[in-house]
Amino acid sequence: MIVLGVESSCDETGLALYDTQKGLLAHALHSQIAMHQEYGGVVPELASRDHIRRTLPLLEQVFAESGVQREAIDAIAFTQGPGLAGALLVGASFANGLAMALNKPVIGVHHLEGHLLSPLLASNPPSFPFVALLVSGGHTQLMRVDGVGQYTLLGETLDDAAGEAFDKSAKLLGLPYPGGPAISQLAEQGNPDSFQFPRPMMHSKDFQFSFSGLKTAVLTAVKAQPEPLSDTVKADIARGFVDAIVEVLVHKCMKALKETGLQRLVIAGGVGANRQLRNALNTAAARRKYQVFYPELEFCTDNGAMIAFAGAMRLQSDPTLARSEYGFNV
Ligand code: KG4
Ligand code: ZN
């Protein structure tokens with residue numbers, strides 16, 4: 001089965017072709033980061049308009065790269081939500097229009113399921129069951145995953161998502177959007193002993209998270225410094241922030257593995273690209289003989305490959321999911 005995937009939930013347009021026999025055949029991505037950077041965040045209206053501009057050329061690119069004929073695809077998967085309504089509408093309309101023209105079924109994919117299954121695209125994929133930590137710009141969830149479609153939510157953030165905490169704290173330090181990679185890089189030069197930030201809910205008995213207080217602690221630290229902030233202070237605050245958030249995430253992952261009795265941990269979503277988080281997780285897991293799996297770096301952040309893959313997995317497990325009527329819910 002060959003599935004075309006279309007992702008357009010936020011500021012990345014992603015198209016991909018996934019073959020259940022041969023694997024990923026082609027994927028193409030356009031990131032709007034440069035366009036949104038001058039506004040310090042994603043401007044929804046600009047995002048929607050750019051998705052319109054990019055989708056067709058990227059579609060042509062994946063067909064040209066793979067050599068697959070349009071008629072040879074079996075289904076079209078698109079990101080149904082969650083995401084920016086206008087941006088989602090572009091991908092959904094595009095997928096439904098193409099499906100109608102080619103007379104192919106269409107399937108709406110939950111964006112988070114795309115992220116969640118993306119580590120299965122790697123060359124050494126985990127087998128079920130596993131614990132998954134989903135850390136993106138919009139979500140932070142710990143899940144027990146027993147198979148495709150078999151997800152049990154263990155806990156999630158009560159306020160800001162991990163990626164949001166990275167982005168907002170980075171902004172307070174005057175770093176460009178998206179702040180995650182920037183604050184992570186700056187933290188490498190920081191002194192770990194200069195700023196001690198709180199580890200919110202680290203020792204709560206559940207699997208919930210809370211990151212808004214951490215962001216406020218960064219704000220308080222910034223305000224207490226003489227302006228303008230020196231590069232050294234910026235790096236030290238960045239280090240204090242990254243150490244705090246990483247420690248909470250690692251602690252809750254280890255707790256989830258212990259309490260579920262599972263051995264495998266899967267990390268997904270944009271923050272999964274974070275180097276400090278990966279290092280700390282690898283060390284903590286190795287000590288307890290757990291295995292950790294990550295998506296390929298290019299599939300941590302939004303992309304079409306994960307949507308094509310999740311769509312294919314869903315269709316394989318239940319072919320009746322493919323709809324031939326056209327409509328969608330955001
Ligand atoms: O999964 P994603 O592309 O989009 C959503 O579905 O939200 O995640 C984007 C988030 C942003 O908050 C971005 O700052 C963060 O992932 N991110 C990182 C890194 N790379 C991306 N955060 C920390 N370190 C990184 N290296
Ligand atoms: Zn995402």
Side-chain angles (χ1 to χ4, degrees), residues 5-14 16 27 29-33 36-37 40-42 44 47 51 78-84 87-88 91 109-119 121 132-141 156-157 159-173 175-188 190 209 211-212 214-215 218 238-239 241-250 266-281 294-310:
V6 182
E7 156 64 31
S8 71
S9 67
C10 190
D11 59 348
E12 258 106 23
T13 320
H27 75 101
L29 187 82
H30 175 78
S31 170
Q32 305 175 355
I33 284 178
H36 297 295
Q37 217 152 32
V42 178
H51 286 306
F78 68 95
T79 302
Q80 184 161 329
L84 302 170
L88 289 166
V109 169
H110 196 287
H111 182 74
L112 296 184
E113 185 173 29
H115 276 302
L116 188 68
L117 298 178
S118 64
L121 277 167
L133 172 71
L134 192 66
V135 267
S136 70
H139 295 82
T140 299
Q141 298 185 328
E156 62 186 333
T157 183
D159 40 57
D160 290 354
E164 198 178 349
F166 268 96
D167 293 341
K168 288 179 175 170
S169 300
K171 205 168 182 175
L172 293 171
L173 294 175
L175 301 173
Y177 171 85
I183 197 168
S184 164
Q185 212 177 341
L186 190 61
E188 302 264 305
F209 300 90
F211 295 118
S212 73
L214 179 55
K215 170 196 65 192
V218 170
R239 178 63 188 262
F241 165 79
V242 171
D243 284 354
I245 197 162
V246 164
E247 200 179 325
V248 174
L249 291 171
V250 172
V266 161
I267 310 297
V271 182
N274 183 267
R275 195 180 329 160
Q276 290 95 342
L277 178 64
R278 287 185 175 215
N279 288 342
L281 280 170
Y294 304 93
E296 303 286 348
L297 268 183
E298 61 180 333
F299 300 140
C300 277
T301 44
D302 295 346
N303 63 85
M306 68 183 194
I307 302 303
F309 181 71

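Side chains included, hydrogens not; waters and symmetry mates left out as well; all remaining heavy atoms used. When a ligand or atom number is given, it counts from 1 through the structure's own listing order.
The part of His115 lying near ligand 1 is the side chain, judged by heavy-atom distances below 4.0 Å. Contacts between His111 and ligand 1 below 4.0 angstrom, taking non-hydrogen atoms only, involve the side chain exclusively.
Which parts of ligand 1 touch Thr301 is read off a 4.0 Å heavy-atom cut-off, strictly below it: atoms 3 (O). Ligand 1 places these atoms under 4.0 Å from at least one heavy atom of Gly138: 7 (O). Interface atoms of ligand 1 facing Gly163, defined by a heavy-atom separation under 4.0 Å, are 12 (O).
Summary of contacts: the protein heavy atom closest to atom 2 (P) of ligand 1 is Asp302 OD1, 3.5 Å. Shortest contact from atom 24 (N) of ligand 1 to any protein heavy atom: Asn274 ND2, 2.9 Å. Shortest contact from atom 22 (N) of ligand 1 to any protein heavy atom: Gly180 CA, 3.4 Å. Among all non-hydrogen protein atoms, the one lying nearest atom 10 (C) of ligand 1 is Gly137 N, 3.5 Å. Considering only non-hydrogen protein atoms, atom 20 (N) of ligand 1 sits nearest to Gly270 O, 3.4 Å.
For the Zn ion (ligand 2), the set of protein N/O/S atoms nearer than 2.8 Å consists of His111 NE2, His115 NE2, Asp302 OD1, ordered by chain and number.
Between the side chain of Asp11 and the backbone N or O of Val42, no donor-acceptor pair lies under 3.5 Å. Using a distance-only test at 3.5 Å, with no hydrogens or angles considered, a donor-acceptor pair links the side chain of Ser169 to the main chain of Ala165.
Listed by chain and number, the residues in a ring-ring contact (aromatic ring centres under 6.0 Å, His included) with His51 amount to none (sequence neighbours excluded). Qualifying side chain to side chain contact (heavy atoms under 4.5 Å, CB included) partners for Ser118, counting only residues two or more places apart in sequence or in other chains: Ala268, Pro295, Met306. For Asn303, there are no side-chain hydrogen bond (donor to acceptor under 3.5 Å, both in side chains) partners two or more places apart in sequence or in a different chain.
Leu173 has its side chain out of reach of Phe241: every pair of non-hydrogen atoms, C-beta onward, lies at least 4.5 Å apart. With a 4.5 Å cut-off on side-chain heavy atoms, Leu121 and Glu296 do not count as touching.
Of all non-hydrogen atoms in Val271 and Ala162, the two that sit nearest each other are CG2-C, 4.2 Å.
The closest heavy-atom contact to atom 12 (O) of ligand 1, among the options Ile183, Ile245, Asp167, comes from Asp167.
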